[in-house]
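Some notes on the structure that comes next.
Atoms considered below: every heavy atom in the structure, side chains included; atoms not considered: hydrogens, waters and symmetry mates.
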Amino acid sequence: MKKVQIGRFGRPEEVAECVECPEVGEPAADEVVFEVLAFPINPADIAFCEGRYRLKPPLPATPGAEGVGRVISAGASVTGVKVGDLVTNLDRENWAQQRRVKADRVIALPRDTNVLQAAMIRINPPTAMLLLGDIVEGLGANDWIIQNVANSSVGKLVISFAKERGLRTVNVTRRQDVFEELYAGGADACLVDGPDLAASVAGFTKGAPVKLGIDAVGGDATARIASCVADGGTVCMYGAMSGEDPAIPASELIFRGLDFKGFLLGRHLERRSATEIREIYSDIAERIRGGKLNVPVEQMYSIDDIKDALAHAQRGARAGKVLVAPNGVNALSQAR
C-alpha cells in the first residue's frame, strides 16, 4: 500500500514523499482495519512537517491528524464497530491508504454522512464547539465574543455554533473581501485587523462588554484581541499561525484582570468519558447530515500528488480546504 512519509523536517512539499509500504495486516481481536477514504491538510499538519508542532516523533514519520475511513475488517472481540461502518480515527498517522488501530480509537458515523465533510470532523468542529462551551462559563444569548482568523475553517464554525447559541460575534480578518461570506454565515460584525481594532469593536458593540476573545495568531495580534475584551474577560489562544508567542502586556492581566488561557482539543477531550466524546461527534455528524455544517472543499488530490496538495494548502486566499483521496477519487465516489 501507499502512505505519506517525512524523513526530515522542512518545507512540507519538499520533505513529504508518497512511499510504498507493507499492508497493515489482519486486525487483532480488539482492532479494526479501515480504508482511508479522504483526509484534509490542516495547519497543524503543515507545522508537523516543518518540525514546529508539539509532537516530534522519531523519523521517518507519517503525518495526518484526521481522516475518514470505511471499516474493511474487525477483530473477533470488537463490538460497536462493524465492517462497512464509516469511521473517524482519534489516532494520528492517517495519511495512508489503510490503518489498523484499536477499535476503541475509532468513532462510527452514520453511513450516509457526507464523506468529504466526515474527513474534516475530527478536529475543527469540536474545537469550535468547545471553545464556546468550555472556556467561559455562562455565556448566554446576546453576549459578545471576538475572534481573529475568522475566515478559517474553525472561525466559520465558531460563527455557526455561536449563532445557534444566540451569541454575537465580532470577526477579525486580514482582508475585507471575505466579509460577505462571513455575514452570510451569520457573523454580526466583521473588521480588518489593525492598531485601532479596540475602538472599532466598541463602535460595533455600542460599549457592550466582549466576554471572550479567541486568538489563533499570536504575537501582537493576541494583544489586539485582548484590548477588545472587557475587564475580567477571557482571552483564549488555540493557535499561533504567526509562529510568535503571545504579546499580552502585563497590565492587561494585572490591572484589567483578564484571564489568559490556552486551548488544546486533546486536553479537553481527555476530560470527558468515551461516551461523552462519542456524543460530541454524533452531534456534529447530525449537523452535517442536516446541512447545518458544510466546510467548502477547494480541491481534491491523489496521494501520489501529495507534494502538490501540500503546496496548494499553503496558498493564501483559498476558497476551501485541500483534501486528499488516498485510494483514488473512484473509491471516494463509491463511498459517497
Side-chain angles (χ1 to χ4, degrees), residues 24 27-40 42 44-45 55 62-134 153-154 157 160-161 263-295 321 323-327 331-332 335-336:
V24 298
D30 61 347
E31 293 179 332
V32 296
V33 173
F34 63 88
E35 179 183 60
V36 180
L37 299 173
F39 62 77
N42 292 320
D45 298 315
L55 300 176
T62 294
E66 66 179 336
V68 65
R70 187 78 71 182
V71 176
I72 57 175
S73 58
S77 65
V78 172
T79 60
V81 183
K82 58 186 179 299
V83 172
D85 278 354
L86 193 69
V87 293
T88 187
N89 179 25
L90 297 178
D91 289 337
R92 295 179 176 270
E93 302 182 17
N94 291 302
W95 289 10
Q97 289 185 314
Q98 290 185 358
R99 294 283 283 117
R100 177 166 61 93
V101 300
K102 298 292 186 182
D104 61 4
R105 296 300 294 165
V106 299
I107 294 177
L109 305 172
R111 293 194 181 196
D112 61 349
T113 306
N114 180 286
V115 174
L116 299 187
Q117 296 301 310
M120 301 178 282
I121 202 173
R122 158 82 171 87
I123 296 175
N124 289 343
T127 293
M129 180 182 287
L130 299 184
L131 279 169
L132 296 177
D134 281 10
S153 295
V154 171
L157 288 163
S160 177
F161 286 129
F263 178 93
L264 183 68
L265 176 62
R267 185 168 62 243
H268 284 254
L269 291 179
E270 286 170 0
R271 300 171 183 171
R272 291 167 159 84
S273 68
T275 298
E276 290 172 325
I277 292 171
R278 292 178 190 280
E279 287 174 351
I280 288 172
Y281 285 103
S282 177
D283 182 4
I284 295 167
E286 287 305 314
R287 292 167 189 264
I288 291 172
R289 295 174 73 211
K292 293 181 179 179
L293 291 184
N294 183 64
V295 178
K321 297 288 286 188
L323 268 62
V324 176
N327 288 284
L332 188 59
R336 295 166 68 187

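- Side-chain contact between L131 and F161 is absent, with no heavy-atom pair separated by less than 4.5 Å.
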Exercise for the section: Evaluate the criterion side-chain contact (heavy atoms from CB on, under 4.5 Å) for residue pair K321 and S153; output intermediate values, then yes/no. Expected result: CA-CA 8 Å; K321 297 288 286 188; S153 295; 3.2 Å; yes
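- L109 contributes atom CG, which lies 12.0 Å from atom CD of Q117 (distance to the nearest 0.5 angstrom).
- With contacts defined as side-chain heavy-atom distances shorter than 4.5 Å, the pair Y281/L90 qualifies.
- With hydrogens and angles ignored, the 3.5 Å screen pairs no side-chain donor or acceptor of S282 with any backbone N or O of R278.
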Exercise for the section: Go through the steps for V32 and V106 under the test side-chain contact (heavy atoms from CB on, under 4.5 Å), then give the verdict. Expected result: CA-CA 9 Å; V32 296; V106 299; 4.1 Å; yes
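- Two residues are said to be in side-chain contact when any heavy atoms from C-beta on lie closer than 4.5 Å; V33 and Q98 meet this criterion.
- Of the residues listed (N94, N42, T88), the one engaging E66 in a side-chain hydrogen bond (donor to acceptor under 3.5 Å, both in side chains) is N42, and it is the only one.
- You'll find the side chain of L37 reaches within 4.5 Å of the side chain of L86, heavy atoms only.
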Practice task
I would like to know whether L269 and L130 meet side-chain contact (heavy atoms from CB on, under 4.5 Å); could you show each step before the answer?
Solution key: CA-CA 9 Å; L269 291 179; L130 299 184; 4.2 Å; yes
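- A distance of 7.0 Å separates CD1 in I280 from CE in M129, rounded to the nearest 0.5 Å.
- When every heavy atom of A285 is checked against every heavy atom of T113, the shortest pair comes out as CB-OG1, 4.4 Å.
- Distance check, rounded to the nearest 0.5 Å: CG of L264 to OG1 of T127 gives 8.5 Å.
- In terms of heavy atoms, V83 sits closest to S73 at CG2-CA, 3.8 Å.
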Exercise for the section: Please report the C-alpha distance between R267 and E270 in whole Å, then the side-chain angles of each, then the deciding distance to 0.1 Å, and finally whether the salt bridge (Lys or Arg N to Asp or Glu O under 4.0 Å) criterion is met. Expected result: CA-CA 5 Å; R267 185 168 62 243; E270 286 170 0; over 6 Å; no
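- At distances below 3.5 Å, at least one donor-acceptor pair connects side-chain atoms of R99 with backbone N or O atoms of R92.
- Counting heavy atoms from C-beta on, the side chains of W95 and V324 never come closer than 4.5 Å.
- Rounding to the nearest 0.5 Å gives a distance of 11.0 Å between CD1 of I107 and CD of E279.
- With contacts defined as side-chain heavy-atom distances shorter than 4.5 Å, the pair E31/V24 does not qualify.
- Minimum heavy-atom separation, P40 to A119: CD-O, 3.3 Å.
- D85 approaches G80 most closely through the heavy-atom pair OD2-O, 4.3 Å.
- In terms of heavy-atom proximity, S77 sits nearest to A29 at OG-O, 2.7 Å.
- Judged by distance alone, with hydrogens and angles left aside, the side-chain atoms of Q97 form no donor-acceptor pair with the main-chain N or O of N327 at under 3.5 Å.
- Rounding to the nearest 0.5 Å gives a distance of 10.5 Å between CG of L293 and CE of M120.
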Practice task
Give the C-alpha distance, both sets of side-chain angles, the deciding distance and a yes or no for side-chain contact (heavy atoms from CB on, under 4.5 Å) between D134 and R272.
Solution key: CA-CA 12 Å; D134 281 10; R272 291 167 159 84; 2.9 Å; yes
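- Between L265 and R122, the closest side-chain pair of non-hydrogen atoms falls below 4.5 Å.
- Annotation: the span from L157 atom CG to I284 atom CD1 amounts to 8.5 Å, rounded to 0.5 Å.
- Side-chain contact between D91 and K102: absent, with no pair of heavy atoms (C-beta onward) separated by less than 4.5 Å.
- Nearest heavy-atom pair, R111 versus R70, reported as atom, atom and distance to 0.1 Å: O-NH1, 4.1 Å.
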